[in-house]
Amino acid sequence: MEPMAFVLFGATGDLARRKLFPALYRLFLDQKLPQEMIVVGTGKGEKTDEQFRAHVHDSLETFSKQVDELDPNFDDFLEMFHYCALDARNGDDYKKLLELVQHHEREYGIPENRLFYLSVSPEFFDTIALHIKEAGLGDTKGWKRLIIEKPFGRDLDTARLLNEKLNQAFDEKEIYRIDHYLGKGMVQNLRMLRFGNSIFEPLWNKEHIANVQITATEVVGVEGRADYYEKSGALRDMFQNHLLQLFMLVAMEPEELAREEDVHEKKKNVLASLRPIQKEDAAKHIIFGQYGRGETDGHKVIGYRQEPGVDPLSKTDTFIAARLYVDNARWSGVPFYIQTGKRMNMKSTKIIIEFKRSADEKDAGFPPNLLEISIGPDTAVSFRINSNDLEREDRVEQVNMKYKERSKHVQEAYERLLFDAFKGNSTFFARWGEVEAAWKFVQPLLDSMAEDLSLYEYPAGSRGPKASRQLLQEDGFRWW
Ligand code: BG6
């Protein structure tokens with residue numbers, strides 16, 4: 001791997017502590033970092049390199065499962081870290097940062113390959129990117145890359161505006177947009193499952209699939225993030241990005257595996273074939289919900305409107321269920337149901353492919369075959385088939401053929417994604433074409449919410465509003 005400078009904006013923030021330092025350490029232990037690498041952290045306050053290293057060390061003790069001070073090379077790991085105080089709005093600070101980066105690049109013989117990670121509030125994305133350009137940090141003899149994480153705008157217009165500004169400083173191919181769902185092992189495995197097993201491709205279409213269900217339910221509520229969540233809601237927080245990414249991977253046409261760009265094109269194409277839902281029709285296909293009081297793990301919990309920082313009359317959606325159609329040769333007529341919600345009965349992220357039954361199977365009352373891809377917290381693939389109950393052969397039994405991930409160390413999303421970005425592999429990052437197409441689809445839904453939103457209340461700890469079950473019943477299906 002090529003030597004590089006990893007410039008981390010927001011190095012004293014929460015994401016760095018919880019996810020990025022542990023991921024870097026794990027990559028270090030697995031010898032997946034370049035031989036020569038420096039990490040230059042920036043943050044508001046002054047700190048010496050030693051203080052910053054103590055901060056990194058402390059973060060690892062708190063958040064890393066692998067921290068082991070006895071590791072003989074632990075000091076080598078910490079020595080990569082340097083610090084530069086920086087006010088994101090102050091151009092002079094970027095010049096100081098450039099000098100520091102250049103100084104360490106010379107010291108370690110790093111040929112100006114620079115990866116900029118913006119672990120900061122999204123309102124600073126464009127400011128920082130433009131300062132990187134102006135200060136000359138982006139004029140490298142080697143490569144440069146930019147990593148950012150959602151939200152990329154809060155609607156179609158703001159997303160476009162942000163992107164235009166980012167493009168003044170970075171080419172599209174240099175921008176790595178993290179969607180942490182794309183770093184999950186089973187999500188990455190979806191391509192292998194679909195394209196590495198020749199039994200699936202002949203079945204992966206409207207002739208054989210009755211419907212597809214994509215679910216991401218959570219037990220937690222808004223978790224002290226009311227400020228952010230009040231402006232976001234489930235549609236922006238989960239649906240526009242994570243769930244539409246899963247949808248694209250399930251529904252896209254087979255990619256040319258050897259061509260990295262192809263996956264992005266195929267994903268964008270499937271969104272282009274997604275039947276738009278106009279705002280007048282939104283209520284027919286989309287159910288918005290909000291959790292009320294209820295019970296979670298045997299404890300009484302408050303409703304969304306009672307959460308600290310939430311408007312007592314808030315109309316923010318904490319649940320969404322949607323029915324989508326893809327108007328192309330592969331999928332026409334097959335409903336894709338997508339649901340996500342906070343404060344539901346269980347934490348579960350999964351994709352279910354429900355297969356069609358023959359007329360005979362229907363007559364005999366056999367349940368459908370299901371392919372279930374569990375993404376989290378379990379990582380498993382199971383196939384549900386019907387079998388004779390061997391004790392009572394007149395009875396049909398549903399049995400699961402199951403493969404469960406057994407590896408001792410399942411890599412975390414950030415480890416995979418950082419490693420890919422270090423190598424310059426953008427397969428599991430979101431490209432602008434996909435992000436823009438996702439916003440285009442979501443924009444009329446945002447408009448419908450702004451105007452006249454039916455918001456169904458559901459008790460905390462439940463399976464969400466009844467209306468979401470009715471959505472599937474209308475088509476003769478049910479959530480699995
Ligand atoms: C984040 C959302 O992107 O994903 C959170 O902002 C949500 O609201 C989280 O809780 C869910 O991620 P995971 O990996 O726990 O399913």
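One-based numbering, in listed order, for ligands and for the atoms of each. Worth saying up front: this structure is predicted, and the values here are computed from it rather than measured.
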Just to confirm my output: which protein heavy-atom neighbour is closest to [atom], and how far is it?
| atom | value |
| --- | --- |
| atom 1 (C) of ligand 1 | His242 NE2, 3.7 Å |
| atom 11 (C) of ligand 1 | Glu218 OE1, 3.7 Å |
| atom 4 (O) of ligand 1 | His180 CE1, 3.4 Å |
| atom 6 (O) of ligand 1 | Asp237 OD1, 2.6 Å |
| atom 16 (O) of ligand 1 | Tyr181 OH, 2.5 Å |
| atom 14 (O) of ligand 1 | Lys184 NZ, 2.6 Å |

Between [X] and [Y], does at least one N-O distance fall below 4.0 Å, as a salt bridge requires?
| X | Y | value |
| --- | --- | --- |
| Asp58 | Arg17 | yes |
| Arg177 | Glu434 | no |
| Asp14 | Lys19 | no |
| Arg26 | Glu412 | no |
| Arg330 | Glu201 | yes |

Geometry only, no angles: is Glu223 polar-contacting ligand 1 at N/O separations under 3.5 Å? no
When you look for heavy atoms under 4.0 Å from ligand 1, do you find them on the side chain of Lys347, its backbone, both, or neither? side chain
Between Tyr229 and ligand 1, which residue portion shows a heavy-atom distance shorter than 4.0 Å: side chain, backbone, both, or neither? neither
Among Glu261, Glu265, Glu436, whose side chain to side chain donor-acceptor pair (under 3.5 Å) with Arg431 holds? Glu261
Centroid separation Phe63 to Phe21 less than 6.0 Å: no
Proximal ligand 1 atoms for Lys342, defined as those under 4.0 Å from one of its heavy atoms: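 Near Lys342, meaning under 4.0 Å from one of its heavy atoms, ligand 1 has 5 (C), 7 (C), 8 (O), 10 (O).
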